Amino acid sequence: AAAATPSSPSSCAAPGGVVQCEPVEDSLLEWDVAMSFPESSDLHRGLVELATSAGEATAAAGRLLLRARFPADFPATPPEVWVRRPRLVHRTAPVSFGGRLCCHLLSSAGWEPATPMTTVFQEVQRALLETGAEVDMAVPIIRSYLTPKLPPLERLRTDVYDTANSFTRKGIKVMSPETALPFLGDLERIQSTDKIALPIEYLEDICRRRALDTPAMFEVKTRLGRKRHCAVFDWVDGLPMEHAILPRWVMDDLCIEEWEQVQVRGVKLELVSFVKVQPHSADFYSAASAAGMDIKELLTQSLSCLSGLTEDTCVPIRIGDATYNMQVVELRPQGAVRIIDSDVEEHFEFQVDFEPAPDLHDEAALKARQDRLLADYRAQQERQESLRKAHEERRNDALRKRYAAALGRAKEAAGADDGAEGPIEVPLQLPDGSQITGKFREGASVAALAAMALATPWAEASLPLGVQLRERAPPRRLLTEGMLLDKAMHRSVVIVQQQVLDGGEDDELLQEVVGQDAASIVGASDAGAVRISEGPPPQPIPLMRNVSKLQRRTLEAFEAQAFMRAGVEPEEADRRARNGEVAPPPCFVRQNLPKNRPGGATRDQPRRPHLHRTVSQEQRRESQVEEVMNIVGLTRAEAEAALCEHDWQTERAINALFDSFQND
């Protein structure tokens, strides 16, 4: 018994996936438990997905919150375990709609006083995983189960309700009217009630008593401890002993199958005075409104047709041709009551109240979630802006170091040829449209042109990694490292192109580049370009997308087109353009071509690849709607309206919604 005492909850990891366990308000008779599940399980993935869509803290993602309650005579009687949050899809797990977890270990028949709580939590985790429990993703706000009454176990304990007419039968096999149809005939009328049908032999046993307890009410108890209280529908002649018939919806609510064994006991119940129920779905409100019915009046009329009520069970409410389930949340004066009276002529009244459906949008909760998401969004934007500025600063530092090294090496290679004096005048056309002219001696190295270009205000502002030099006049020669200036280049304009090396945006590589003595490049990365470097080529610097890179790609595209016009295959043309090669000048030769080809034939055109549309517009828009719902916390209709207003631009719609929340 010492192993089962609830005396030492802790926050340490324990068997059964328990990651946190602490008393509720310093009471050792109630524990709040956080349980995790294997990452490969559907339940874990559902918990993480719901927490992510609801904007919950990542530390709580993947956890199911439970409440363990211990009766005063624990460990003689079993504890109760309730699921607190989030809600699970009803009937995908051994959990009632109210949240109570049902398993054999927690029933009176399966409980052993020496059972430790670690074993209880292991059994709870196993039951949830093996039954395929699913997280309720119906709404973007994580919903909790209603808090069970204190102490819940006392409300429905067997010794609270006296046995009536000395009637107790164990091991009774239950079947539905459909199963009993072949040998007992049509008993479909029982489906519209909450009552039980018993063999007529049991009536004979009860009638032998001198004083009968009326009205005759019975308690149906499953092997997992689930209970329901009702009256008898009929004493059926021909129904075998140890058998009973229950409506199919009652069997579903008790989570029992055909031929499953239950215990049936006669009980004495008080007359109902107060009922509080909770609709299973918000559809109930829409149906009641469409039918023009007052909800409390509708509930009172529907509940009056039943024979008994039990807390933490559900009852059907019929509106038109549809049926809506209602959870019994609270009853007075006891946890199980009767609605029928022994004097059927006597009229009695009872109060009816109800809790909102779990999938009904709570405006206060929705507003709180929107505020939290807005704060998270602002914090994320600030973090991104800070990271962007830091990245830009590191990038500029790397570019300045590369540029300074390139300028120094270019001046060193140029020597005394600084472009200030000489008979050969060479105009340089810079990428920004400006032009400068240098004067050089005959035989000076082409590197002197690169040094002059790198010393201009344009270079100081754009920080190029290197330059490419080529003549503007045909044949538009690319000036290479081994070339020298001669008289033929006098007043021949040289076009300066900025060189940008390909690279990613990896900050770690960028830090490495900043820490290195960057080598400089003047010219293209091929052997044909002017390279002022004695060692191996430097590693490419990681750059963000910029105008210079786009300009280089544009020039490559034009050069590839020139190669293709010269008869080069497209792939080979792209390769040559990327390598910095220059296409030969076009030869304009007039050809006498026939105006019309025989038979209207045309030159064979390359076949365009057939494009397969993998995602339809409807699918794409559905994905956009779900994204806005999850991020902003709106209803589907509100998300669609916001997207329509912003031409189905998701980012614009989300930003506009957050701005509107901020203004409100």
Side-chain angles (χ1 to χ4, degrees), residues 71 77 96 98 100 108 148-149 151-170 172 174 190 192-198 202-203 205-207 209-222 225-235 244-247 249-251 253-254 256 262-277 299-316 326-353:
T77 55
S96 69
R100 181 180 176 182
S108 299
K149 298 182 65 63
L153 205 61
E154 301 291 337
R155 302 281 290 181
L156 296 176
R157 281 183 54 167
T158 300
D159 54 7
V160 174
Y161 306 94
D162 294 335
T163 301
N165 299 318
S166 301
F167 183 85
T168 302
R169 296 292 187 275
K170 297 182 179 180
I172 291 184
V174 177
I190 196 175
S192 59
T193 73
D194 66 330
K195 300 178 181 180
I196 186 172
L198 296 170
Y202 291 161
L203 175 61
D205 294 342
I206 293 175
C207 289
R209 290 175 50 85
R210 294 183 178 180
L212 298 180
D213 297 317
T214 58
M217 301 296 297
F218 296 90
E219 173 193 83
V220 180
K221 181 179 178 181
T222 70
R226 293 277 291 163
K227 296 180 181 179
R228 192 176 189 98
H229 300 78
C230 60
V232 66
F233 173 77
D234 197 1
W235 307 97
I245 301 175
L246 281 175
W249 66 269
V250 172
M251 296 176 61
D253 183 57
L254 292 175
I256 55 177
V262 299
Q263 173 185 292
V264 179
R265 181 173 69 99
V267 291
K268 298 178 182 179
L269 300 179
E270 297 289 338
L271 196 61
V272 61
S273 62
F274 174 82
V275 180
K276 178 182 283 189
V277 295
L299 292 175
T300 302
Q301 293 177 356
S302 300
L303 295 176
S304 299
C305 299
L306 302 176
S307 61
L309 293 174
T310 310
E311 287 181 350
D312 199 33
T313 62
C314 80
V315 294
M326 309 289 291
Q327 185 74 8
V328 180
V329 177
E330 182 182 355
L331 295 172
R332 296 176 192 165
Q334 293 178 304
V337 296
R338 58 183 172 88
I339 298 179
I340 62 172
D341 196 9
S342 56
D343 185 359
V344 294
E345 299 297 332
E346 179 183 353
H347 177 72
F348 65 94
E349 296 181 354
F350 56 92
Q351 298 179 0
V352 175
D353 195 3

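Heads up: numbering here begins at 1 and tracks the sequence. This one's a predicted model, so the numbers in the text were calculated from it and none came from an experiment.
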Working to the nearest 0.5 Å, report the span between CD1 of Ile339 and NE2 of His229. 13.0 Å
Looking at CG of Leu306 and OG of Ser192, how far apart are the two atoms once the value is rounded to the nearest 0.5 Å? 10.5 Å
May I ask you to decide if the ring planes of Trp235 and Phe218 are parallel, tilted or perpendicular, using 30° and 60° as cut-offs? perpendicular
Of all residues at least two apart in sequence or in a different chain, which pass the salt bridge (charged side-chain N to carboxylate O under 4.0 Å, His left out) check with Asp162? none
Test: Asp234 and Lys195 ion pair at under 4.0 Å: no
Sidechain N-carboxylate O distance under 4.0 Å for Asp312, Lys227: no
Worked check of side-chain contact (heavy atoms from CB on, under 4.5 Å) between Ile196 and Leu246: CA-CA 5 Å; Ile196 186 172; Leu246 281 175; 3.7 Å; yes
Enter the distance from Arg169:CZ to Asp205:CG here, rounded to the nearest 0.5 Å. 5.5 Å
From Ile206 atom CD1 to Leu198 atom CG, the distance as rounded to the nearest 0.5 Å: 7.5 Å
Quick check on side-chain contact (heavy atoms from CB on, under 4.5 Å): which of Pro215, Cys305, Cys230 does Ile340 satisfy it with? Pro215
For Arg265, what residues pass the salt bridge (charged side-chain N to carboxylate O under 4.0 Å, His left out) criterion, not counting sequence neighbours? Glu219
Which residue in the set Val329, Val315, Leu303, Thr300 passes side-chain contact (heavy atoms from CB on, under 4.5 Å) when paired with Val275? Leu303
Below 4.5 Å, heavy atoms only, C-beta onward: do Lys268 and Met217 meet side chain to side chain? no
